[in-house]
**Student:** 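My questions all concern the structure below.
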Amino acid sequence: MEYICIFLLIITFVVIVGIMYFNAFNKINIIKIKMDKANDKITEDLKQKHELMNKLYTQIKKVIKKKDYLKDFNSLKNQKLTNYELDKELSSHLETMKAVQEDYKELKNADFETILQEIKELDQDIVASKKFFNKNNNCLIKSLKGHTKIVAKINHINVKTSYEIKEPID
């Protein structure tokens with residue numbers, strides 16, 4: 001009879017630990033999935049922003065033939081950059097493109113302005129996705145306590161670096 005009680009206690013303990021494990025796993029996995037979706041959206045939007053900026057670059061090259069203000073921009077597509085790095089590089093090159101537009105009246109056309117507006121709208125989407133990512137990353141940080149932290153380690157789920165958010169300027 002003693003052995004049956006001990007056996008039932010062990011089974012009960014294993015079941016409780018199993019339930020705790022799966023609850024913790026589901027909790028952190030749901031957060032991770034949300035973060036991955038936000039990061040995928042950021043990646044997609046940054047690629048689209050790069051394509052739009054390529055159209056601006058083409059217009060600039062037609063007007064300015066001698067100087068290459070944006071020689072580094074052309075090499076971005078060949079570099080293996082993280083979303084963090086690509087975002088920073090694209091923002092820097094976009095500022096240069098806007099400055100070049102100010103200096104050349106040929107670039108002050110409806111097509112250039114339309115593309116700049118599309119980029120501005122994309123930037124707003126990127127900021128929203130970054131906020132969503134950061135919110136869920138903070139939830140992950142807060143939830144990694146006690147047994148949940150052990151479950152995360154077992155499943156190689158790590159906290160990521162939050163995005164720096166700069167609101168788009170007109």
**Student:** Going by side chain to side chain donor-acceptor pair (under 3.5 Å), name the pairs with one or both residues in residues 141-156, residues two or more places apart or in two chains.
**Tutor:**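 Qualifying pairs, neighbours excluded: Y21-N155.
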
**Student:** Any sub-3.5 Å donor-acceptor pair from S92's side-chain atoms to K88's backbone N or O?
**Tutor:**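 Judged by distance alone, no pair lies under 3.5 Å.
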
**Student:** With sequence neighbours left out, write down each residue that passes salt bridge (charged side-chain N to carboxylate O under 4.0 Å, His left out) with D111, or none if nothing qualifies.
**Tutor:**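 Testing D111 for salt bridge (charged side-chain N to carboxylate O under 4.0 Å, His left out), a comparison that skips the adjacent residues, returns none.
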
**Student:** Would you kindly confirm whether I42 and V159 end up in one hydrophobic cluster when ILVMFWY residues are joined by side chain heavy atoms under 4.5 Å apart?
**Tutor:** yes

**Student:** Closest approach of N137 and T161, non-hydrogen atoms and distance?
**Tutor:**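 Here N137 and T161 meet closest at ND2-C, 4.1 Å.
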
**Student:** Roughly how far, to the nearest 0.5 Å, is the CG atom of D125 from the OG atom of S129?
**Tutor:** 6.5 Å

**Student:** Taking C-beta and beyond as the side chain, do F13 and L9 meet within less than 4.5 Å on heavy atoms?
**Tutor:**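 Side chain of F13 against side chain of L9, heavy atoms only: no contact under 4.5 Å found.
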
**Student:** Please say whether more than 12 non-hydrogen atoms of neighbouring residues, nucleotides or ligands are located less than 6.0 Å from CD in Q79.
**Tutor:** yes

**Student:** Which pairs, with at least one residue in residues 24-37 and sequence neighbours excluded, count as a side chain to side chain donor-acceptor pair (under 3.5 Å)?
**Tutor:**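 Passing the test, one end in residues 24-37: K32-D36.
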
**Student:** Is there a donor-acceptor contact under 3.5 Å from the side chain of S75 to the main chain of D72?
**Tutor:** yes

**Student:** Does N136 use its side chain to pair, donor to acceptor, with the backbone of M35 at less than 3.5 Å?
**Tutor:** no

**Student:** Which pairs, with at least one residue in residues 105-134 and sequence neighbours excluded, count as a ring-ring contact (aromatic ring centres under 6.0 Å, His included)?
**Tutor:**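 Matches after skipping sequence neighbours: F133-Y163.
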
**Student:** Calculate, to the nearest 0.5 Å, the distance between atoms SG and CD1 belonging to C5 and I10 respectively.
**Tutor:**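 So the SG of C5 and the CD1 of I10 are separated by 11.5 Å.
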
**Student:** Yes or no on side-chain contact (heavy atoms from CB on, under 4.5 Å) for N39 and K160, after CA distance, side-chain angles and deciding distance?
**Tutor:** CA-CA 11 Å; N39 208 35; K160 309 240 178 180; over 6 Å; no

**Student:** State plainly whether one hydrophobic cluster holds both M97 and V63, where clusters connect Ile, Leu, Val, Met, Phe, Trp and Tyr through side-chain heavy atoms under 4.5 angstrom apart.
**Tutor:**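 Cluster IDs for M97 and V63 match.
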
**Student:** Out of curiosity, M20 CE to I16 CD1, how far, rounded to the nearest 0.5 Å?
**Tutor:**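 Reported to 0.5 Å precision, the distance equals 8.5 Å.
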
**Student:** Are the side chains of L94 and L90 in contact, using a 4.5 Å heavy-atom criterion?
**Tutor:**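 No, side chains not in contact.
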
**Student:** To the nearest 0.5 Å, tell me how far T43 OG1 sits from L86 CG.
**Tutor:**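 Rounded to the nearest 0.5 Å, the OG1-CG separation comes to 8.5 Å.
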
**Student:** Would you say that H93 contacts L76 through its side chain, given a criterion of any heavy-atom pair below 4.5 Å between the two side chains?
**Tutor:** yes

**Student:** How many angstroms lie between OG1 in T114 and CG in N109, if you round to the nearest 0.5 Å?
**Tutor:**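 Taking OG1 in T114 and CG in N109, the distance rounds to 8.5 Å.
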
**Student:** For residues 44-56, run the donor-acceptor check on the side chains, cut-off 3.5 Å, and write out each pair with its distance to 0.1 Å, sequence neighbours left out.
**Tutor:**
unit_1	atom_1	unit_2	atom_2	d
D45	OD1	K41	NZ	3.0
D45	OD2	K41	NZ	3.2
K49	NZ	D123	OD1	2.8

**Student:** Check residues 99-108 and write down every donor-acceptor pair under 3.5 Å in which the side-chain atom is one partner and the other belongs to a residue at least two apart or another chain.
**Tutor:**
unit_1	atom_1	unit_2	atom_2	d
Q101	NE2	L107	O	3.2
Q101	NE2	E113	OE2	2.6
K108	NZ	E102	O	3.4

**Student:** Is the OH atom of Y84 crowded by more than 12 outside heavy atoms at less than 6.0 Å?
**Tutor:**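 For Y84, atom OH is crowded (more than 12 foreign heavy atoms under 6.0 Å).
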
**Student:** Any chance you could measure I119, atom CD1, to E121, atom CD, to the nearest 0.5 Å?
**Tutor:** 10.5 Å

